[in-house]
There are 2 protein chains.
Amino acid sequence: MSHENLDYQNRIRKQGFRLTPQRQMILDAICEGGGHTTFDEIFARVQAKAPAVHKATLYRNLEFLCDLRLVVSADLGAGRKVYEICHATPHHHLVCRECGKIEELAHHTVEPFFAQIEAAQNFAVDMDHLILFGTCPDCRNNQDKSP
Amino acid sequence: MSHENLDYQNRIRKQGFRLTPQRQMILDAICEGGGHTTFDEIFARVQAKAPAVHKATLYRNLEFLCDLRLVVSADLGAGRKVYEICHATPHHHLVCRECGKIEELAHHTVEPFFAQIEAAQNFAVDMDHLILFGTCPDCRNNQDKSP
DNA sequence: CTACATGCAAAGAGTTTGCATCCGC
DNA sequence: GCGGATGCAAACTCTTTGCATGTAG
């Protein structure tokens with residue numbers, strides 16, 4: 001989940017914006033999440049390195065990085081929101097209602113489903129970040145054992 | 001989108017809860033939404049009839065009605081949350097990003113997709129209210145005409 | 001008459017904004 | 001040095017909670 005190959009330095013500077021240490025640390029902190037990270041996790045990681053960084057700066061920069069499409073955010077509902085480095089291929093998530101664990105769902109699994117909706121109803125679904133709730137394999141096992 | 005056939009009076013009273021005028025008005029107001037209604041819309045409709053009804057009462061009752069499964073809520077992300085009367089069959093929605101229009105998506109279209117995920121990853125998707133964003137047929141036509 | 005509900009106000013959490021200062025370019 | 005970015009604090013919105021009063025059953 002590295003962001004080194006994104007040429008983010010130039011993509012920020014090209015438009016007259018500045019590559020501040022805070023922005024670099026924030027990008028690093030999102031990468032450390034290994035895929036999806038909450039605001040609080042990012043904030044904790046940044047603060048560990050630079051305690052002076054303010055929450056307002058993180059709010060402003062998450063919006064900024066999303067605008068530049070260096071980062072994408074996904075709203076899990078119920079106030080839960082996660083951020084991750086933006087990659088070329090859209091990908092999706094399965095969120096367990098029991099334990100909160102997040103699994104990945106490949107885009108090629110989702111694509112035929114969207115295509116089917118388009119064929120049937122002429123509605124072009126455009127979700128680069130689908131979130132599906134349910135029960136993960138582990139929790140399904142535990143439920144079977146203790147009904 | 002009537003709720004008269006839900007036997008909601010008894011379903012509330014059976015468990016020792018009370019059928020207050022406020023609760024009736026709130027149920028009515030959700031129905032008026034014709035499918036999905038935001039908190040503010042419900043509040044405005046209730047206040048039009050009874051200005052004394054407090055926001056806290058609406059918060060408490062929306063949670064209460066969702067607990068009793070008389071109402072379901074769907075989180076559209078970005079702070080957008082809608083409520084509607086709960087019906088037997090789960091149903092899903094296609095939301096147009098351009099015009100905001102909401103179309104229905106039949107459950108039998110969605111079911112095989114969930115089954116496929118379960119077969120592949122052993123993850124039991126449990127969404128009785130899937131929301132998919134995209135572009136509706138009308139807006140797709142308009143886009144073609146003016147690129 | 002009893003316990004659940006309501007209205008009110010105040011507290012709480014999460015996020016945004018105005019402004020002086022700072023610093024990348 | 002210019003203009004964008006930061007840190008700070010205050011403001012703001014949205015939601016929840018405690019409590020006295022009201023009222024459905």
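None of the values given here were measured: they were computed from a predicted structure. Side chains are part of it too, since the values below use all heavy atoms of this structure and drop only hydrogens, waters and symmetry mates.
Geometric assessment of Lys55(B) against the ring of Phe43(B) yields a positive cation-pi assignment under the 6.0 Å and 45° thresholds.
The CD atom of Gln47(B) sits 14 Å away from the C1' atom of dT6(C) (whole-angstrom rounding). Rounded to whole angstrom, the span from the CD1 atom of Ile26(B) across to the C1' atom of dA5(C) amounts to 11 Å. Atom pair Leu65(B):CG and dC4(C):P shows a separation of 17 Å (rounding to whole Å applied).
Under the ring pair (Phe, Tyr, Trp, His ring centres under 6.0 Å) criterion, the residue pairs touching residues 10-35 of chain B are Phe17(B)-Phe64(B), with sequence neighbours excluded. Listed by first and then second residue, the salt bridge (charged side-chain N to carboxylate O under 4.0 Å, His left out) pairs involving residues 33-54 of chain A are Glu32(A)-Arg45(A), Glu32(A)-Lys49(A) (not counting sequence neighbours). Residue pairs meeting the side chain to side chain donor-acceptor pair (under 3.5 Å) criterion with at least one member in residues 56-66 of chain A, sequence neighbours excluded, are Arg23(A)-Asn61(A).
Considering Ile30(B), Val82(B), Val71(B) in turn, Ile30(B) is the only one that fulfils the side-chain contact (heavy atoms from CB on, under 4.5 Å) rule with Ile42(B).
Remark: Gln22(A) is not in phosphate contact with dC23(C), judged by side-chain N or O atoms under 4.0 Å from OP1 or OP2.
Put simply, the side chain of Phe114(A) reaches to within 4.5 Å of the side chain of Leu130(A), judged on heavy atoms. Between Glu104(A) and His36(A), some side-chain heavy-atom pair lies under the 4.5 Å cut-off. Here the side chains of His92(A) and Thr109(A) are not in contact, with every heavy-atom distance at 4.5 Å or above. When side chains are defined from C-beta on, Leu58(A) does not count as touching Val53(A), because their heavy atoms never get closer than 4.5 Å.
When the local axes at the two ends of the helix from dC1(C)-dG25(D) to dC25(C)-dG1(D) are compared, using 5 base pairs at each end, they differ in direction by 40° after rounding to 10°.
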Problem set entry | Under 4.0 Å protein heavy-atom contact, by nucleotide of nucleotides 20-25 of chain D - B base, S sugar-phosphate only | --BBBS
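Contacts between residues 52-64 of chain A and DNA chain C, defined by a heavy-atom separation under 4.0 Å, are made by Ala56(A), Tyr59(A), Arg60(A).
Using a 30° and 60° split on the angle between ring planes, His93(B) and His129(B) fall in the tilted class, from 30° to 60°.
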